[in-house]
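What you see below is based on every heavy atom in this structure, not just the backbone, and it leaves out hydrogens, waters and symmetry mates. Note that this is a predicted model, so its numbers are computed, not measured.
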Amino acid sequence: MKKRHEQKLAILSMLLLLALNVPLLLLFDNSSALFGFPVIYVYIFSAWLFSIVISYIIIKKYYE
């Protein structure tokens, strides 16, 4: 794997670590709902899905 792809994945993992850190999660911990789901669940699964999509794009570019 090229060094820049490894660096992109490392940066992505650090951003995901920050996004799922407790102080940031507490910002979304309230009683309101979005599409019938608690906001914190929407935030967590959106961040998770975003990381999967970005990882796929980075890995796909590596194999081209």
> Members other than L26 in its cluster, when Ile, Leu, Val, Met, Phe, Trp, Tyr link by side-chain heavy atoms under 4.5 Å?
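Grouped by the 4.5 Å side-chain rule, V22 form the rest of the cluster around L26.
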> Keeping to residues at least two apart or across chains, list the side chain to side chain donor-acceptor pair (under 3.5 Å) pairs with something in residues 39-56.
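Checked against side chain to side chain donor-acceptor pair (under 3.5 Å) - neighbours excluded - no pair reaches residues 39-56.
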> Are I52 and I58 linked, directly or through intermediate hydrophobic residues, by side-chain heavy-atom contacts shorter than 4.5 Å (ILVMFWY only)?
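Shared cluster, no.
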> Consider only side-chain heavy atoms of I, L, V, M, F, W and Y, link residues closer than 4.5 Å, and tell whether L16 and I54 are in one cluster.
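They do not share one cluster, since no chain of ILVMFWY contacts under 4.5 Å joins L16 to I54.
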> Look up atom CD1 in I59 and atom NZ in K8, then write down how far apart they are to the nearest 0.5 Å.
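Answer for the CD1-NZ pair, I59 versus K8, is 11.0 Å.
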> How would you list, by chain and number, every residue that makes a side-chain contact (heavy atoms from CB on, under 4.5 Å) with I44, sequence neighbours excluded?
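side-chain contact (heavy atoms from CB on, under 4.5 Å) check on I44 returns L20, L25, I40.
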> Pairs in or reaching into residues 9-18: which pass side chain to side chain donor-acceptor pair (under 3.5 Å), with residues at least two apart or in two chains?
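Checked against side chain to side chain donor-acceptor pair (under 3.5 Å) - neighbours excluded - no pair reaches residues 9-18.
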> Which residues end up grouped with M14 if you chain together Ile, Leu, Val, Met, Phe, Trp and Tyr wherever their side-chain heavy atoms are less than 4.5 Å apart?
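Under the 4.5 Å side-chain rule, M14 groups with nothing.
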> Taking the hydrophobic residues Ile, Leu, Val, Met, Phe, Trp and Tyr, and joining any pair whose side-chain heavy atoms are under 4.5 Å apart, which ones share a cluster with L15?
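The other cluster members (ILVMFWY side chains, heavy atoms under 4.5 Å, direct or chained) are I11.
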> Which pairs, with at least one residue in residues 16-33 and sequence neighbours excluded, count as a side chain to side chain donor-acceptor pair (under 3.5 Å)?
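The answer is N30-S32.
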